[in-house]
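Start at 1 with the first residue, then count along the sequence.
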Amino acid sequence: MASHSVRSSPPPQTPSPPSADSGFINESDDSDDLCVTLDSLSLMPPLSDEDYNVKPNTEADPSAVRSIYLRPSSPSAISAPPPEFLHLSFNQDFCCFAAGTDRGFKIYNCDPFREIFRRDFGENTVGGGIGIVEMLFRCNILALVGRGPNPQYSPHKVMIWDDHQSRCIGELSFRSEVRSVRLRRDRIVVVLEQKVFLYNFADLKLLHQIETIANPKGLCVVSQTSESLVLVCPGLMKGQVRIEHYATKRTKFVIAHDSRIACFALSQDGMLLATASTKGTLVRIFNTVDGTLLQEVRRGADRAEIYSLAFSPTAQWLAVSSDKGTIHVFGLKVNAGSPVSDVSQNSSEPNIPPVSSGSSLSFIKGVLPKYFSSEWSVAKYHLPEGSQYIAAFGQQKNTVVILGMDGSFYRCQYDPSSGGEMMQLEFHNFLQGAS
């Protein structure tokens with residue numbers, strides 16, 4: 001790794017008055033296309049499973065430890081016009097979601113649904129756009145990236161925001177635009193157009209740098225269990241994914257599809273990977289350890305843009321959303337150690353790994369077209385077309401939470417036995433209440 005130079009840098013602009021300790025240490029590495037600034041490193045110790053809060057220096061402030069959901073919304077923003085949403089994403093366990101707007105960001109609780117926090121950077125001025133908001137479970141630390149016509153921060157920077165202090169405590173700068181950010185309790189992952197950077201959370205030390213194929217969507221996922229770290233990103237070829245198992249120091253490349261990768265998701269333990277291509281007709285489930293194709297399910301026959309894939313906490317179900325306005329729930333018959341499903345070898349995308357046998361439909365293999373032997377969704381829910389939706393499994397049993405860029409929030413329930421159309425339990429429009 002190239003050597004680092006040290007220089008001073010003023011703190012990033014925040015809506016709050018600058019604090020007394022405004023000194024930053026900036027480490028730049030031109031060859032690695034990055035520079036790093038961070039102060040008050042004690043604000044970001046490793047987290048245990050029992051404590052989701054990142055603990056600031058309690059000697060300076062004994063009341064410092066606090067989760068973001070305890071912070072009330074800003075009353076001064078109530079009379080402002082509705083903001084424009086630039087970003088929507090769930091947190092790591094799907095109990096909350098974040099919305100980036102053209103003048104700040106907002107955090108919502110899923111069950112029960114309510115706004116639990118907001119930060120409006122542009123309350124009295126034009127600007128403040130936040131295009132990426134990455135939560136760290138429910139704690140006061142978030143990763144922010146500016147976006148929109150009037151971004152609050154440069155789109156080339158990742159700002160580590162501590163809401164207890166109402167300011168940024170860290171900064172990662174790059175020569176090109178940041179496409180996405182992923183957080184774990186011990187790691188930060190930053191995705192550029194053709195690079196992925198992995199950092200240690202405690203000191204922002206660069207641990208790994210990965211080259212990828214062009215990745216404008218910033219596709220990248222990481223596991224969340226403390227026992228292992230699994231990272232998945234696009235490989236260097238069309239349709240290829242790269243799987244990094246850092247605990248065992250193993251790298252696996254899988255040709256998942258013939259077409260370009262459009263979306264993928266990891267199970268919580270990092271053992272199962274779901275992938276979809278730009279065709280959007282099939283979703284494949286892989287074992288991340290050896291790259292075995294475990295199961296293939298069909299969303300539909302027509303091309304579609306897949307917006308999201310999400311495993312249930314037990315990896316028994318998979319939720320899929322697309323531009324067709326339908327949310328699908330598939331039953332998974334696999335686990336990482338015991339593949340049981342069969343995928344026809346008469347695939348329209350032949351360059352895929354071998355599969356195991358055992359499907360109840362294997363008797364018609366090679367007799368009927370692949371379409372008729374496909375595994376279809378157990379349940380579905382139809383939404384108004386024209387908006388982009390993402391879906392994840394809710395905290396209540398057999399429920400799915402759906403978010404729309406039009407401000408729509410749905411909670412639906414599916415019957416795991418009879419399937420069919422999901423029943424809507426709840427609807428809210430958080431765009432109407434976002435001003």
Side-chain angles (χ1 to χ4, degrees), residues 12-15 68 73-74 77-78 80-92 94 96-110 115-136 141-161 163 168 171-174 176-183 189-193 215-220 262-263 305-308 321 323 383-384 386-392 401-409 428-435:
Q13 181 180 356
T14 69
I68 58 173
S73 298
S74 172
I78 295 177
E84 176 187 353
F85 286 113
L86 305 176
H87 168 91
L88 277 179
S89 65
F90 288 99
N91 72 341
Q92 288 83 355
F94 307 131
C96 299
F97 68 93
T101 76
D102 57 355
R103 60 171 179 263
F105 66 89
K106 305 173 189 296
I107 307 296
Y108 296 84
N109 194 68
C110 290
E115 181 187 316
I116 52 179
F117 169 78
R118 68 169 65 187
R119 176 63 67 182
D120 289 333
F121 297 112
E123 292 182 44
N124 301 312
T125 60
V126 176
I130 298 294
I132 296 175
V133 187
E134 180 72 2
M135 300 179 65
L136 180 59
I141 299 295
L142 304 97
L144 307 177
V145 178
R147 201 80 89 227
N150 298 284
Q152 174 69 10
Y153 307 110
S154 167
H156 294 201
K157 293 183 177 182
V158 176
M159 311 302 295
I160 309 301
W161 176 269
D163 196 67
C168 291
E171 174 182 324
L172 295 165
S173 298
F174 305 88
S176 58
E177 191 170 302
V178 175
R179 298 301 185 182
S180 68
V181 182
R182 298 290 180 262
L183 298 183
V189 180
V190 181
V191 184
L192 307 184
E193 179 84 20
N215 183 19
K217 290 185 176 181
L219 299 178
C220 185
C263 190
E305 181 179 358
I306 302 298
Y307 290 141
S308 70
S321 69
D323 63 352
L383 296 156
S387 183
Q388 182 172 337
Y389 299 95
I390 60 175
V401 174
I402 305 164
L403 309 176
M405 287 296 288
D406 59 357
S408 57
F409 174 98
H428 302 276
N429 189 320
F430 53 91
L431 180 61
Q432 294 178 352
S435 60

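In terms of heavy-atom proximity, Met135 sits nearest to Ile107 at CE-CG2, 3.5 Å. Closest non-hydrogen pair, Val145 versus Pro155, comes out as CG1-O, 3.8 Å. For the pair Cys110 and Phe90, the tightest heavy-atom approach, listed with the atom from each and the gap, is SG-CE2, 4.1 Å. In plain terms, the two heavy atoms of Gly131 and Arg147 that are nearest each other are CA-CB, 3.2 Å. The two residues Gly218 and Ser180 come nearest to each other via the heavy atoms O-OG, 2.5 Å. Shown here for Tyr307 and Ser387, the closest heavy-atom pair between the two residues is CE1-O, 4.2 Å.
Formation of a donor-acceptor pair under 3.5 Å by the Tyr389 side chain with backbone atoms of Pro384 is found in this model. In this structure, the side chain of Gln92 engages the main chain of Leu183 through a donor-acceptor pair within 3.5 Å. Between the side chain of His428 and the backbone N or O of Phe409 there is no donor-acceptor pair closer than 3.5 Å. Counting only distance, with no hydrogens or angles, the side chain of Ser89 and the backbone of Val133 share a donor-acceptor pair below 3.5 Å.
In terms of the side-chain hydrogen bond (donor to acceptor under 3.5 Å, both in side chains) criterion, residue partners of Asp406 (sequence neighbours excluded) are, by chain and number, Ser408. Under the rule for a side-chain hydrogen bond (donor to acceptor under 3.5 Å, both in side chains), His156 has no partner lying at least two apart in sequence or in another chain. For Asn109, the side-chain contact (heavy atoms from CB on, under 4.5 Å) partners at least two apart in sequence or on another chain are Cys96, Pro112, Arg114, Ile116, Arg138. Under the side-chain hydrogen bond (donor to acceptor under 3.5 Å, both in side chains) criterion, Glu305 pairs with no residue, sequence neighbours left out. Glu84 is linked by a salt bridge (Lys or Arg N to Asp or Glu O under 4.0 Å) to nothing, counting only residues two or more places apart in sequence or in another chain. The side-chain hydrogen bond (donor to acceptor under 3.5 Å, both in side chains) check on Asn91 picks up Asp93, with sequence neighbours excluded.
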Take Leu142 and Phe105 through the test side chain to side chain contact (heavy atoms under 4.5 Å, CB included) and record every step on the way to the result. CA-CA 10 Å; Leu142 304 97; Phe105 66 89; 4.3 Å; yes
What's the verdict on side chain to side chain contact (heavy atoms under 4.5 Å, CB included) for Arg179 and Glu193, showing C-alpha distance, side-chain angles and the deciding distance? CA-CA 7 Å; Arg179 298 301 185 182; Glu193 179 84 20; 2.7 Å; yes
Could you check Val178 against Leu192 for side chain to side chain contact (heavy atoms under 4.5 Å, CB included), going step by step and ending with a plain yes or no? CA-CA 5 Å; Val178 175; Leu192 307 184; 4.1 Å; yes
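Atoms CD and CG, on Gln388 and Leu383 in that order, are 12.5 Å from each other to the nearest 0.5 Å. Distance CZ/Arg118 to OH/Tyr108: 6.5 Å, rounded to 0.5 Å. Here CG of Asp163 is found 5.0 Å from CZ of Arg119. Values are rounded to the nearest 0.5 Å. The CD1 atom of Ile130 lies 5.0 Å from the CG atom of Leu144; values are rounded to the nearest 0.5 Å. The OH atom of Tyr153 lies 3.5 Å from the SG atom of Cys168; values are rounded to the nearest 0.5 Å. Within the model, atoms CZ of Phe85 and NZ of Lys106 stand 7.0 Å from one another, a figure rounded to the nearest 0.5 Å.
With ring centers used as reference points, Trp161 lies 6.0 Å or more from Phe117.
A side-chain contact (heavy atoms from CB on, under 4.5 Å) with Met405 holds for exactly one of Leu86, Ile390, Leu88, Leu431; it is Leu88.
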